[in-house]
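Some notes on the structure that comes next.
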Amino acid sequence: MTQDFDLKKIEEHWVNKWRDDEVFKAKPDKRKKFYLTVAYPYPSGSMHVGHGRTYTVPDVIARFKRMQGYNVLFPMAWHVTGSPVLGIAERIKKKDAKALKLYGELYKVPQKILDTFTKPENIVKYFSEEYKKNMTLMGYSIDWDREFLTTTPQYSRFIEWQYHTLHKKDLIRKGEHPVRYCPRCDNPVGDHDLLEGENATINEFTIIKFMCDDIVLPAATLRPETIFGVTNMWLNSDIDYVKTKVEDETWLLSKEAAEKLKNAGKRVEVIGVIKGKEFIGKSCTSPFNDTVPILPAPFVDPDYATGVVMSVPAHAPYDYIALRDMESDIKPISIIKTSEGGNIPAKDIIEDLKIINQKDKKLEEATETLYRIEHAKGVMKETIKDYGGMLVREVKEELTQKLIKEGKGTIFYEFSQKPVVCRCGTKCFIKLLKDQWFLEYSNPDWKKKAHQSINEMNIIPEETKQNFSYFIDWLKDWACTRRVGLGTKLPWDEDWLIEPLSDSTIYMSYYTISPQLKDINPEKLKPGFFDYILLGKGNIQDVADTCKIDPEKLQKIQDEFRYWYPSEWRLSAKDLVGNHLTFHVFHHTAIFPEKYWPKGIVVFGMGLSEGEKMSSSKGNIILLSDVIERYGSDAVRLFLMGNAEPWQDFDWRETLIKNTSKKLKQFHNQINYAFNLENDISLRDIDRWMMSRIEESIKDTVEALDRFQTRKALQSAFFNLLNDLLWYKRRCKPNSKITKDLADKWVRLMAPFTPFICEQLWSQIPGKNSIVSLASYPLPDLEKINPVTIQKEQTLKGILRDIQNILDVTCVKPNKIHLYPAPEWKRKLFNLLKEGKTINDAMKDTQIRANGKIAANIIKKTIKEEIPEIVLTLDEEYTALSNAKEFLKKEFKSDIIIHKTPGYDPENKEKNAKPMKPGIYIED
RNA sequence: GCGGGGGUACCCUAGCUGGCCAAAGGGGCAGGACUUAAGAUCCUGUGGUGUAGACCUUCGAGGGUUCGAAUCCCUUCCCCCGCACCA
């Protein structure tokens, strides 16, 4: 056994060894299988410690299960479909300073390679290699034979098959859909493509058509139900409006609005300019035949919705105060009641907030609050025709539908915040994409199956189940195609690409067959192939004929799928619960029979750095490659697994990780010590205690790992055992039989967490010729857990604390320490109390009755729950103390006198004694 | 707003099917042992008081249930995450 501790060399050696011996290759065999997958990375940047955690957790579990004798499949692939890299390439091409800084400095891409990043393919290629390198360095036990890119032709065939299947089941339909759109890039833009306005959402306004002679005044509102309380119309008298032909009608619109309507896909033609002024004093008629005057309103923003606003002073604070400021005699018409009371809600809230005039900033708050209350709790007043008594929420929905149906209204999309600016610097607008394909997640039958799947599934942490349930109900139809990006073409409509979240729903099944497909010409992978392999449909010979694939090979592929599927666990970060993971459930229920539905999901927390969220904009990203270099993979793994449970957010702290390195070295030293020790001590109580603790730790570790509790597992597998060993060494001259047993088990116990150092240590234990990654994981030997021994040791620790406490308070230097273990009757009393016996019951015992007064006192002070499981007998406690006499002597540098029967006791300390808490008298 | 998760000592966190909880573990800090010294390692302490192993006050705030609450109930304040067509 060598003492060297060259982590770099050790890690390099074992990475090579594992690879050369093909240790992690997963092939079907007679063993029970265990399949876990984790979301494949989108390699558009360098791997940071957050990713490190995400992929270390499944590796620890994979290693644990493998050592338990399971045939483990842990695969990895690269998600390269989508559009973000296109944007990145574009920015690099334009020498965008931010992008260059991010990739050059933060992600440390060498300049030479950075220069090639003008092509998106080069970006994903570089970073997927980067990821793979780091994953290998981290010691992940991945079967790399199954690796693929989502642009791999065979994979595309698989996606096509999936979409064919869904299409056939009528779960995909055509529709239209509003998106943020950049006119210059000619593309929809996502959050990360934005320079400004990331938080802007798309609001759905209802346009209500008021008629003024033959011109439509399209009033845009978020609250169509207030149409019944409209008292007047607002037009900005200071601006020019445009007379516009919209489809077959003539509308009055602000210039901006006309443009937006055109973008939204309406046929729009401007035919003239009209000043707002010209309409002032006229009146117009609502779809419900109410005629109201048109009033001037300089506050109407032409760039907000249509520039035409209906006024509902009873429910809109802006309208109320505008009318008041102009001293109009128009009376508000209240149409909604809430429990809050008040007749004119807008007036009430204005008075509550002490709003003085239209300029007041608090108006916004007032509007929002009132909107919220009325939307949540409002009911239409009984006097309203057709809608009286209905909830505002419902009326809104129904009324809009009705107006649209009757041609008296339409929908208008507007950003909730402005401006919204694309990374290229261009102002975005909302475009209505037509002919878009949707996955019909709104389908009630589909939702039902998804719910069923979730209900039957193991989900960690358990609370997330509710989350899933919520998302399943909340999910509407999902636009599953894009015009641009990398990806698979929609097979029946090749102008569209399948969107990246939609092509990643059942790919876990692809891993099971991926290596087999590598040498098959993708042309041959017709839908019938996947039907046969994954669904067992069709006749093998027919499939072999149409696809021109050897039937034997087909059978082998199908067997392999059937061996591995379904996955025991799917792991992913919590921000994907609402989309990816839920899609994953949806698609499995649609495509596969129930026996192939996923069996479990684990949801991860996020990564922080020194207490702050890691983000490229903050620049506080900790690269995995950097910390591997600095501390070594084992230390990084140990830290990531021990800092928090997987579903909690973890915090990367430099001071803590430094300490982890120390701990690792300590582990190394202790193991060395433990199995190099040689002596011939026969088994003592203290050895049995150490043995018990080893087995307890194993038990706790296995239980925790079965629940993905890596932190808890490490608590027992590492910290508890370490502390116990230290205590053992302090307490006695360790028994080498025990320490060797400990070393042997401890190394295996820790192997899933810190595989490199464990391999190294394992290889140095005489007689171990296999590698620890394939050794058996310790099973707890419950027989060896001896509760009495544990209780004895706990008693001793208690005494140690008590003596220390007394010494601290009294500041005496002990010369003699007397210990008085409690007499047998007190133990009897404890046992009776533990059984729930009353005072009367206890007093039936003659011994106890003889000490009635003290006994009653003890009964009063002692609560059943405080009594430990095991109450030592006087003999047991006396032996324990006697055995520890030399130890106590050494600890306190004092004589120790143990009184089994009453003897020298000048301060009558004996009476204080309780079972496992002897009386103590200290002489100086 | 809706949905989910949280607020525990100097810091991070465990506990939260009520009583062995002044509250595990880790970090930091302080003291001690070892050492020529430093480092490493080990031990002790780390809410307050106390010349005897105790007592008092604490688990965001307020109230309640109970013989007893960090744990259960109500109210309230604060923090984090998601709310979409994007990975």
Side-chain angles (χ1 to χ4, degrees), chain A residues 39 41-42 44-45 79 81-85 177-180 188-193 201-202 368-369 371-373 375-376 433 436 438-439 461 463-471 473-482 485 499-502 504 573-580 603 605-606 608 611 613 642-645 647-651 653 655-656 658-660 662-663 665-666 669 711-712 714-716 718-720 723 726 729-730 794 798-799 801-812 862-869 891 907 909 912 916-922:
Chain A
Y42 184 82
S44 65
H79 194 204
T81 40
S83 55
V85 283
H177 171 67
V179 290
R180 280 185 296 222
V189 280
D191 274 352
H192 49 272
D193 301 322
T201 52
I202 296 177
E368 226 170 89
T369 310
Y371 177 85
R372 202 177 302 145
I373 294 170
H375 180 78
L433 286 185
Q436 170 66 272
F438 288 87
L439 282 161
E463 303 88 79
T464 313
K465 213 167 228 190
Q466 292 173 59
N467 238 327
F468 272 106
S469 205
Y470 171 81
F471 278 118
D473 285 332
W474 167 83
L475 212 59
K476 293 185 247 171
D477 292 350
W478 177 268
C480 63
T481 52
R482 288 296 104 84
E499 174 273 333
L501 279 173
S502 306
S504 306
K574 67 176 168 198
D575 49 338
L576 294 181
V577 172
N579 47 49
H580 164 72
V603 174
M606 313 298 268
L608 307 177
K613 197 178 165 178
N643 183 270
E645 299 293 7
W647 50 90
Q648 298 171 319
D649 293 346
F650 81 93
D651 192 2
R653 296 206 177 210
T655 51
L656 294 191
K658 272 187 192 139
N659 225 282
T660 308
K662 265 192 228 162
K663 292 274 172 204
K665 194 158 186 179
Q666 209 177 340
N669 294 343
R711 179 193 147 99
K712 197 173 175 190
L714 272 175
Q715 202 85 48
S716 19
F718 190 73
F719 293 102
N720 285 356
N723 286 339
L726 290 175
K729 284 165 78 174
R730 176 179 166 198
Q794 227 147 36
I799 293 169
R801 237 192 331 270
D802 282 348
I803 296 176
Q804 192 60 50
N805 188 240
I806 295 167
L807 294 179
D808 284 350
V809 176
T810 58
C811 299
V812 299
T862 312
I863 301 151
K864 189 181 146 199
E865 284 78 4
E866 281 173 9
I867 302 170
E869 283 295 302
E891 287 289 313
E907 291 192 16
K909 296 294 184 189
N912 289 342
M916 280 93 72
K917 198 171 166 54
I920 299 166
Y921 175 61
I922 299 174

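Chain identifiers are assigned alphabetically (A, B, ...) following the order of the sequence lines, protein sequences preceding nucleic acid strands; residue numbering begins at 1 within each chain. Here the structure is a predicted model, which is why all the values come from computation and not from measurement.
- By the side-chain hydrogen bond (donor to acceptor under 3.5 Å, both in side chains) test, His580(A) is found to be paired with Arg570(A), residues two or more places apart in sequence or in another chain being considered.
- When both pairing distances are held under 3.5 Å, rA23(B) makes no Watson-Crick or G-U pair with any nucleotide shown.
- Remark: rG3(B) base-pairs with rC81(B). Criterion, Watson-Crick or G-U wobble with two distances under 3.5 Å.
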Polar atom pairs between nucleotides 38-42 of chain B and protein, under 3.5 Å, N or O only, would you list them?
| from | atom 1 | to | atom 2 | distance (Å) |
| --- | --- | --- | --- | --- |
| rC42(B) | OP1 | Gln666(A) | NE2 | 2.5 |

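- The distance from atom CZ of Arg801(A) to atom C1' of rU46(B) is 16 Å, rounded to the nearest whole Å.
- Note that the CZ atom of Arg653(A) and the NZ atom of Lys658(A) stand 13.5 Å from one another [nearest 0.5 Å].
- A sub-4.0 Å separation between OP1 or OP2 of rC83(B) and a side-chain N or O of Asn579(A) is absent.
- Of the residues near RNA chain B, Ile799(A) and Thr81(A), the one whose nearest nucleotide (by heavy atom distance) lies more toward the 5' end is Ile799(A).
- Annotation: ring pair (Phe, Tyr, Trp, His ring centres under 6.0 Å) contacts of Trp478(A) (sequence neighbours excluded): Phe583(A).
- Under the Watson-Crick or G-U wobble criterion, with both distances below 3.5 Å, rG45(B) is paired with rC29(B).
- At whole-Å resolution of the value, CZ in Phe471(A) and P in rC85(B) are 14 Å apart.
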Do any N or O atoms of the protein come closer than 3.5 Å to N or O atoms of nucleotides 54-60 of chain B, and which pairs are they?
| from | atom 1 | to | atom 2 | distance (Å) |
| --- | --- | --- | --- | --- |
| rA54(B) | OP1 | Lys917(A) | NZ | 3.2 |

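- Per the geometry, CG belonging to Asp808(A) stands 14 Å off P belonging to rU49(B), to the nearest Å.
- Under the 30°/60° scheme for interplanar angles, the aromatic rings of Trp474(A) and Phe471(A) are found to stand perpendicular.
- With rA84(B), rA52(B), rA87(B) as the choices, the nucleotide that has an atom nearest any side-chain atom of Ile806(A) turns out to be rA52(B).
- Contact annotation: Gln804(A) does not reach the phosphate of rG45(B) (side-chain N/O to OP1 or OP2, under 4.0 Å).
- If you take NE2 of His177(A) and C1' of rC85(B), they are 5 Å apart, rounded to a whole angstrom.
- Remark: Arg801(A) engages no residue in a side-chain hydrogen bond (donor to acceptor under 3.5 Å, both in side chains) (not counting sequence neighbours).
- Proximity of Asn723(A) to the phosphate of rG26(B): a side-chain N or O atom is located under 4.0 Å from OP1 or OP2.
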For nucleotides 3-10 of chain B, 5' to 3', base contacts (B), sugar-phosphate-only contacts (S) and non-contacts (-) with protein non-hydrogen atoms under 4.0 Å give SSS-----

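- Considering only side-chain atoms of Asp575(A), the nucleotide from rC86(B), rG82(B), rC85(B) that sits closest is rG82(B).
- Rounded to whole Å, the distance from CG on Leu714(A) to C1' on rG25(B) is 12 Å.
- With the nearest nucleotide of RNA chain B identified for both Thr655(A) and Asp649(A), Thr655(A) has the one nearer the 5' end.
- Separating the C1' atom of rA22(B) from that of rA14(B) is a span of 15 Å, rounded to the nearest Å.
- If you take NE2 of His79(A) and C1' of rC86(B), they are 11 Å apart, rounded to a whole angstrom.
- Here the nucleotide nearest the side chain of Arg482(A), chosen from rG53(B), rA87(B), rC85(B), is rC85(B).
- Each of rA87(B), rG50(B), rC20(B) was ranked by its minimum atom distance to the side chain of Val809(A); first place goes to rG50(B).
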